[in-house]
Structure formats: C-alpha cells, structure tokens
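Here the structure comes first, spelled out in structure tokens, and everything after it is commentary.
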Amino acid sequence: MNITRRHLLKMGAMAGVGLALPLGTLSVPVGRLGASALVRSPRVEPFTVPLPIPPVARPVHSHGGADHYEITQRVARQEILPGLKTEVWGYDGIFPGPTIEARRGRQAVIRQTNELPVPVSVHLHGGKTPPGSDGYPTDLILPNGPGGSQTAHPHGGHAPGGAGHRGHREYRYPNEHRAAALWYHDHRMDFTGPQVYRGLAGMYVLGDEVEDGLPLPKGGKDVPLMICDRTFGEDGSFYYPSLDPTLQEEPGVLAHAANGMLGDTILVNGAPWPQLEVSNTMHRFRILNASNARSYDLVLDPPPPGGRPFVQVGSDGGLLEAPIPHTSIVAAPAERFDVVVDFSRYPVGTKVTLRNLRGEGRTSDVMRFVVARGKKEEASVPERLAPDLDFPDPDDVEVTRRFRFIAGVGGGMSAINGEVFDPGRIDARPRLGSTEIWEISADPSHPFHMHLVHFKVLSRDDGPPGPYDAGWKDTVSLEGGSVRVAARFEGWRGKYVFHCHNLEHEDMMMMANFEVI
Amino acid sequence: MGTEVYDRNPRRLAAVLAFVSQGIHLWVLPGQLAAAMVPGIFFFLVAVGQGLLGASLLFGGGRWTARFGVLFNVFVVLVWLFTRAVSIPQLFEPIKLPVEGLGAAATFVEVALVVSLMRPGRSLRRKKRLDRA
Ligand SMILES: [Cu+2]
C-alpha cells in the first residue's frame with residue numbers, strides 16, 4: 001500500500017517536473033514564434049493607389065565639379081496603407097528616400113545627418129566608392145545625444161571596431177563609372193535588415209552622355225520601380241520580427257524569419273499594389289528589387305501579342321551592349337533590371353498587371369498598368385546600346401578564389417566558407433588593378449553582392465551564364481549551384497565587404513571582407 | 001528495497017543537481033528557442049531529462065535511474081564540449097552571451113551529478129560483496 005502511494009507520488013513528480021514544467025516553458029517561445037509568423041497585414045484593395053514617384057533630391061549647392069546634398073535620416077509618419085499611418089525611418093523622413101540624380105564625372109557629396117535613435121551607415125549599392133565613403137558596416141553615424149551605443153551585443157562577441165561619427169558625416173561619390181541605376185540603403189552591422197525594412201532605402205540614378213544619346217524613353221516615361229515586400233501590424237506599423245525591436249541590443253530575428261523576412265504586402269515605390277496610367281507608348285522601368293529576402297519572377301498579364309514583353313536594356317552596372325527580350329524578369333534582392341515595355345502592343349483601355357509568378361495569393365500581384373490613352377511614339381530601342389563594355393579578359397586573371405555560402409538552420413548563423421562575419425578578418429587580398437575569378441556556390445539560395453567592383457558572370461553551374469546574368473553585375477542570384485564571376489579591382493585600396501543580400505542572412509553574419517592592396 | 005536503505009543522501013544530492021541543471025536550461029530556453037531552434041530544442045530535451053531524473057532520484061531511484069542519469073549527463077557534457085571545440089555556426093549560433101557563463105555552470109553541475117551518481121553505484125557493489133561474504 002505504502003509502495004503504491006509512493007509510486008504514485010513519484011510518477012506525479014516525474015510528470016510534473018519532467019514534462020509539464022518544460023512543456024510550459026516551451027509554450028512561451030513557441031507561442032511567440034507562432035504569433036509572429038501569423039501576423040497579417042490589413043487588407044488593401046489592390047490597384048487603387050496611384051504609383052508614387054519619389055521626389056528628386058536637389059543639391060544645396062554645386063561648385064568645383066561637385067553637387068552637394070544634405071539628407072537627414074529621421075522618424076516620420078507616412079500613409080502607406082490607405083487610411084493608416086506608418087512610422088517610417090526615412091532619408092529626409094520619406095520612404096523610399098529621395099532619388100539622387102547624379103552625372104558621370106560630377107562628384108556627389110552627401111552630408112547625412114542621423115536623427116534616428118540608432119546608429120546608421122549609408123552604402124551606395126553598385127557605386128565604385130572610396131572605402132571611407134562606402135558605408136562599411138561598423139563605420140557608423142551615431143545618433144546625437146544618449147543612446148548612441150554602437151552594437152551592445154554584437155554577434156559572435158566581436159567588437160564592432162569601427163569609427164563612429166556622431167550626428168552627421170559626409171559621403172563622397174566620385175561617379176566615375178557608366179550610367180546605371182544604383183540605390184542607397186542602410187548597412188549597419190547586425191541591423192541592416194530591420195533598418196532597411198523601416199524605410200532606409202532610395203534610388204540613385206547615374207546618367208551619362210552615352211545614355212543621353214540613345215532614343216530610349218525619357219522624362220516621365222523613365223520610371224523607377226522600387227519593389228519590396230512588407231508586413232504591417234493592425235495599426236499600419238511595419239511588422240518586423242526583431243528579437244529586440246528597439247534595435248539597440250540583441251541583433252537577429254525570431255527563428256521563423258531567420259532565412260529571410262517575407263512580407264505579405266507588395267509595395268512599389270512605397271505604395272501597396274499601385275496603379276500607373278500610361279500612354280500606348282514605350283516606357284522604361286528601372287526595376288529594383290529592394291526586398292529584404294523575396295525574389296520575384298515578374299510577368300505581364302495579359303502578355304502582349306507575340307510575347308516577350310520586357311526588353312532588357314540595362315543591368316546592375318548600366319546599359320547592355322545590345323537589348324535582350326525576356327518573357328519574365330527574375331530579380332533577386334538588390335538586383336536591378338532596366339527594361340523597356342512597349343504598351344503600343346496593347347489596345348487603349350487594357351489593364352496590364354505586373355505579376356510575380358513566385359508569389360502566393362496576395363504576393364502574386366505587384367502593380368497594374370492601365371493603357372489609358374493613345375500617343376505618338378517618340379522612343380525606340382536601338383540594336384546597339386552601349387559601346388564595348390570592356391569586360392575583364394580571363395587571360396588576365398591572377399587569382400581564383402572560392403567562397404561557399406551556407407545558410408543557418410532554424411536561426412543559426414549563415415556563414416561563408418564556414419566562417420561568420422568578423423570585421424577584423426580579411427578573406428581576400430586582391431591587388432589593385434588585378435583581375436580575379438571568384439567562384440561562388442550557395443546552399444540553398446543567396447544573392448551574392450560585392451562592394452566596390454562590378455563583375456562579369458562567366459559561367460553558371462559550369463555552363464553558360466543564365467538569362468539574367470548579362471552585362472555588368474554587382475549582385476548575382478544563386479539558387480543553389482554555383483557561378484564564376486570575373487572582377488577587376490580598380491579604384492581604391494582598402495577594406496570592403498562582400499555578402500549575401502538576403503538581409504536576414506547578412507545580419508546573421510553572412511558577410512566577409514576583402515582588402516584591395 | 002536494498003538501494004533505499006543506505007543511499008538516500010547521495011541520491012538526494014544528485015536530485016538537487018539534476019534540478020539545478022534543469023533550472024538553468026529552462027531559464028535560457030525561451031530566448032534561445034525564439035532565436036535559434038536547434039540549441040533551443042536541445043535545451044528543452046535536457047530540461048525534460050533532468051526533470052525526470054531529478055524526480056526519480058528524489059524518490060530513491062533505482063539502478064536504471066542511476067545508469068540513465070550517468071549516461072544522459074555524460075552525453076550533455078560531451079555535447080557542450082563538442083559545440084565549444086567545433087564551430088558549426090549554422091546550427092549552434094547565435095549562442096547568446098549570458099548563456100555562456102550559465103553553460104559553464106550547468107556543465108559543472110552535470111559533472112558533479114555524474115560523480116554523485118557513480119559513488120552510490122560503487123557502494124552498492126561493495127555492499128553486495130559484503131552480503132555474499
Ligand atoms: Cu543568403
């Protein structure tokens with residue numbers, strides 16, 4: 001009798017302490033992960049909001065071959081979803097930030113002032129920029145006043161080790177390369193994902209005389225399309241699953257988003273599923289995938305008679321030598337595609353939807369064009385776009401390097417060649433002026449981005465380059481498999497990063513340094 | 001009923017150590033699982049194992065309880081050592097900084113637990129020899 005009672009007590013204790021207590025504790029994070037994964041944005045009727053065009057920044061003064069700009073990064077409230085206000089962290093308080101229209105050969109000097117509560121770093125993506133202005137992840141502009149800690153608990157215990165400017169600093173962009181659609185965005189170590197997500201991104205369109213001389217669509221028919229995805233809370237706030245939503249202490253995201261935060265609402269130029277009225281003429285679209293992690297396979301629905309709606313005229317690094325027609329445009333995060341769409345192939349009155357074949361439900365729509373009126377065609381796409389692109393000669397290659405990108409599992413770190421980002425470790429030392437081949441392999445999918453250089457994709461999976469690898473690139477999409485790229489390390493000596501442009505991977509340390517020596 | 005007669009105190013000590021290890025793993029579990037699943041799930045399983053072990057030991061436990069306790073804690077200590085010796089950041093990071101000190105404390109407790117479980121085993125064998133003699 002005594003033994004039975006004792007056994008019952010023992011069983012009860014084992015069940016309580018050994019099972020119920022751990023399960024109860026487990027329910028806390030599981031509930032947090034589940035609630036986060038289930039956040040859904042307020043419903044928006046697609047194709048009701050007109051496509052906004054970000055304002056063009058005006059220089060505060062221009063002299064000595066340089067245009068000087070002043071941009072203040074600040075918190076503001078903006079109507080993104082109709083009827084709701086969203087707190088954005090924006091360049092000049094707007095999302096997307098003001099477009100900078102730069103000219104080849106004219107320096108742009110941008111004084112960035114940080115009125116946000118966190119450190120920032122500004123990177124001109126695709127820019128060939130001296131190291132001091134490249135927006136190195138620890139080269140921070142600290143906020144004014146208190147709360148200016150750099151990174152309280154950096155990943156892996158590495159001290160950030162970067163210089164901090166307090167309040168403001170100047171970035172100098174020489175603009176010595178060919179006309180191209182670039183973009184600028186935040187690059188703070190460990191926190192790039194949430195800070196770009198809150199709005200720190202803008203277009204930077206570099207023009208030159210070669211481009212001016214082409215009969216491509218111009219003026220109002222040359223339209224930037226910054227495509228990104230966001231999830232919103234019920235009150236219209238951006239929803240991002242940071243472990244520390246103040247972005248002050250613990251970096252990283254809840255485990256369900258560690259392989260990329262995918263939003264349920266598609267924004268173009270900061271508007272949800274917008275609509276653009278066009279004349280039945282050619283339009284040039286500077287498509288930028290500014291999403292943290294989402295890739296798109298863009299098609300027009302209905303397709304124009306005869307198919308191949310997109311004529312690609314440019315890539316990340318500017319104009320192609322010759323146009324390439326595409327049925328769809330597959331764009332990984334940070335890639336740009338400069339395309340011309342000829343709306344004369346549609347009858348006036350047609351509604352043409354830009355769809356994303358990789359989306360599901362609401363994310364399979366992007367925006368809509370309404371062919372609203374007839375107009376005389378003034379533009380054309382010439383057979384030859386840019387003079388010889390002067391790609392690197394494989395015979396000049398001095399060094400071949402291999403980098404393997406492997407994503408973390410369930411919240412683990414993402415690593416390059418098994419190593420996580422350490423600002424103090426240099427993984428490649430290319431000589432100034434040298435040409436190198438870099439072989440990148442990826443598991444599973446990573447958009448590979450290099451600072452400073454543009455590269456030429458030589459091969460993909462040991463075969464020819466893919467349909468979206470043409471021209472000069474600074475970001476190339478890997479979906480498993482491998483690519484070989486050739487780059488010439490020109491311009492400046494110094495330390496730069498290369499990394500995965502899935503921003504959650506980047507923040508989970510999928511980044512490394514090269515130093516041009 | 002032989003084991004109950006002379007091994008109460010070492011078993012009670014072992015139970016307390018199991019509960020301490022469980023407590024440490026439960027303390028870090030919510031933050032760890034939210035950020036990284038693999039270490040989070042491992043911490044959960046350790047908490048379950050230590051809880052079952054501790055409760056069983058509290059009520060005397062048997063030879064199989066002691067064997068399970070030794071093997072289980074040796075395994076947990078080896079995993080801790082392995083993940084410190086070999087870097088597999090894709091699986092085991094981010095290990096949060098405060099966890100590191102607690103991890104060392106938990107490991108110390110687990111080693112003590114293994115020792116305390118092995119001593120009663122030795123005394124049991126000695127008792128048996130004495131009984132036979
Ligand atoms: Cu990646």
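Treat the numbers as computed from the prediction; the structure is a model and nothing was measured. Here is the naming used below: chain letters follow the sequence lines, and residue numbers restart at 1 for every chain.
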(message) Please classify the contact of B/Gln50 with chain A as side chain, backbone, both or neither, using a heavy-atom distance under 4.5 Å.
(response) neither
(message) Tell me which one of A/His7, A/Met11, A/Arg6 satisfies side-chain contact (heavy atoms from CB on, under 4.5 Å) with B/Phe59.
(response) A/Arg6
(message) Other residues, nucleotides and ligands only: do more than 12 of their heavy atoms fall within 6.0 Å of CD on A/Glu479?
(response) yes
(message) Quick check on A/Ala407 against chain B: is it the side chain, the backbone, both or neither that has a heavy atom closer than 4.5 Å?
(response) backbone
(request) State the CD1-CG distance between B/Ile41 and A/Leu26, to the nearest 0.5 angstrom. (result) 8.0 Å
(request) Select, from A/Pro241, A/Ala255, A/Ser414, A/Gly12, the one with the greatest count of heavy-atom pairs under 4.5 Å involving chain B. (result) A/Ala255
(request) Hey, could you give me the OG1/CE distance between B/Thr65 and A/Met14, rounded to the nearest 0.5 Å? (result) 6.5 Å
(request) Report the option among A/Pro22, A/Gly408, A/Gly418, A/Ala415 that has the most heavy-atom pairs separated by less than 4.5 Å from atoms of chain B. (result) A/Pro22
(request) Could you check which of A/Leu19, A/Val30, A/Leu23 has the highest count of heavy-atom pairs closer than 4.5 Å to chain B? (result) A/Leu23
(message) Using heavy-atom distances under 4.5 Å, tell me whether A/Leu254 contacts chain B through its side chain, its backbone, both, or neither.
(response) both
(request) Identify the two heavy atoms, one from A/Arg32 and one from B/Ala34, that lie closest to each other, and give their separation to 0.1 Å. (result) NH1-CB, 3.8 Å
(message) With a 3.5 Å distance limit and no angle check, can you tell me whether B/Gln22 reaches the backbone of A/Leu21 through a side-chain donor-acceptor pair?
(response) no
(request) To the nearest 0.5 Å, tell me how far B/Trp27 CH2 sits from A/Thr25 OG1. (result) 11.0 Å
